[in-house]
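Input: a single structure, listed below in structure tokens.
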Protein chains: 2
Amino acid sequence: MENDHILLDRALELFSRRGYDAVGVQEIVESAGLTKPTLYHYFGSKRGLLEALLKRESGHLLTAIVEAALYQGDLVLTLERVVRAYFSVAKQHSTFYRMQLGMYFSPPESETYHAVWPFAREQREILEGVFIHAAEDHGNLRGRHTRYAVGFLGQINAVIGLYLNNEISLDDLRVYELVHQFMHGIYS
Amino acid sequence: MENDHILLDRALELFSRRGYDAVGVQEIVESAGLTKPTLYHYFGSKRGLLEALLKRESGHLLTAIVEAALYQGDLVLTLERVVRAYFSVAKQHSTFYRMQLGMYFSPPESETYHAVWPFAREQREILEGVFIHAAEDHGNLRGRHTRYAVGFLGQINAVIGLYLNNEISLDDLRVYELVHQFMHGIYS
DNA sequence: ATAATACTATACCGTTCGGTATAGTATGTC
DNA sequence: GACATACTATACCGAACGGTATAGTATTAT
């Protein structure tokens, strides 16, 4: 295994558990069994390490939801695929998901917020695309794509937040519940 | 104005903009026109300052939603009051709301997460109480109070997140939309 | 007048921060 | 054999970190 990959793995583990600011460069290289010049050779700075990490790990999530978000006439089916994609990444890459979720809500002038913002926007645009397409079939959705995308993502992340705190599991029933509630409310 | 209040105000401003870890004690006291021994006299440690800050500011939010969450037979009405309470605090204390939202999603071994956790749990319990009470009138809600509380809070925070990024405003229409969608889904 | 209490400034503690200058050691090319 | 390239360790940089010992200055109670 290459040393740059080892560094990224260790940084991901430490950042997701304790946060970017609370983890020093020294600790990362020690945990990787290397020294600082190696890290600075590959990434140039601590910020560069963070950006390389986000770039590598976001790939999983973005490709998964791009594929899932292909709208082909059935909104429920599409949303279920999207939720399943999110759940799948949250389960297989839970440390990364925890990290990017925390960074999305980090303060607006922090390094982490600026670093994660492009990837967060991309996620939202993909979801907005679903609702924009669906509005061609369901006129009453028109003009509310941002609202829906944000609200839907908010619910997904609320559920994944519970999963990351070991309060629930992420299974097919949970997918159905989430989408059904989003589409039809809580009574039915 | 007392010096301890000045310190809390400056800490709130700085933490909410750049994050707890990224702001040093020195910067806080300089911004307050004071020196470090004053801060350590009142709060004992940086962590103590954070906890005092959360305690002071959470009061606004908790009293507001406790009052709003009184269920008296009309779930829609109660939820609208709750959303209005959240929106009101988010508008009047936007720096605090941003801070506590970020801390709720901060890494699980960070100081900020541990400090904010008791207040987050209290919020959720209040909301769960609404759905537990409502289930006495609407049997099909029974046993899903956690799910609903978390999902509802997720949607509220998603919308407030948009507001904090200056993408939307928080008005009565937005309250209606949020509750209506939660209750009846997106089609109606 | 005196003593106790509450508060605040100066100056400092040891440690850690992100980052780097220097000196290597491999590996492959010509 | 000479040389460039890629990578990594030792040892260090100045600055900032959270926190404190000491010495005060007001205010209050006795």
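First the proteins, then the strands, lettered A, B, ... as listed; each starts at 1. Atoms considered below: every heavy atom in the structure, side chains included; atoms not considered: hydrogens, waters and symmetry mates. These figures come from a predicted structure and were not determined experimentally.
- Ion pairing between B:Asp171 and B:Arg84 fails under the 4.0 Å rule for side-chain N and carboxylate O.
- Atom CD1 of A:Ile28 and atom P of C:dG18 are 8 Å apart (whole Å).
- Remark: P of C:dT16 and CZ of A:Arg18 are 13 Å apart, rounded to the nearest angstrom.
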>> Generate the contact string for nucleotides 15-26 of chain D. Rules: B means base contact, S means sugar-phosphate contact only, - means no protein heavy atom under 4.0 Å.
In response: --SBBBB-----

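- In this model, the phosphate group of D:dA9 is approached by a side-chain N or O of A:Thr38 to a distance below 4.0 Å at OP1 or OP2.
- As rounded to whole Å, 14 Å separates atom C1' of D:dT10 from atom CD of A:Glu30.
- Remark: B:Arg121 does not engage B:Glu128 in a salt bridge, criterion side-chain N to carboxylate O under 4.0 Å.
- What separates CD1 of A:Ile6 from C1' of D:dC7 is a distance of 13 Å, to the nearest Å.
- To the nearest angstrom, P of C:dA26 lies 17 Å from CD of A:Glu2.
- Using a 4.0 Å cut-off between a side-chain N of Lys or Arg and a carboxylate O of Asp or Glu, B:Arg18 and A:Glu109 do not qualify as a salt bridge.
- Figure legend: cation-pi geometry between A:Lys46 and A:Tyr20, with NZ or CZ positioned under 6.0 Å from the six-membered ring centre and within 45° of its axis.
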Please set out all donor-acceptor pairs under 3.5 angstrom arising from side-chain atoms of residues 72-80 of chain B, sequence neighbours excluded.
unit_1, atom_1, unit_2, atom_2, d
B:Asp74, OD1, B:Val76, N, 3.2
B:Asp74, OD1, B:Leu77, N, 3.1
B:Thr78, OG1, B:Asp74, O, 2.9

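- In this structure, NE2 of A:His5 is placed 13 Å from P of D:dC7, rounded to the nearest angstrom.
- The nearest whole Å value for the distance from the CG atom in B:Leu34 to the P atom in C:dC7 is 13 Å.
- Because its NZ or CZ atom is not both nearer than 6.0 Å to the ring centre of A:Tyr97 and within 45° of the ring axis, A:Lys91 does not count as a cation-pi partner of that residue.
- Comparing atom distances between the A:His41 side chain and each of D:dC7, D:dA9, C:dC7 picks out D:dC7 as nearest.
- For A:Tyr42 and C:dG19, the OH to P distance is 18 Å, given to the nearest whole Å.
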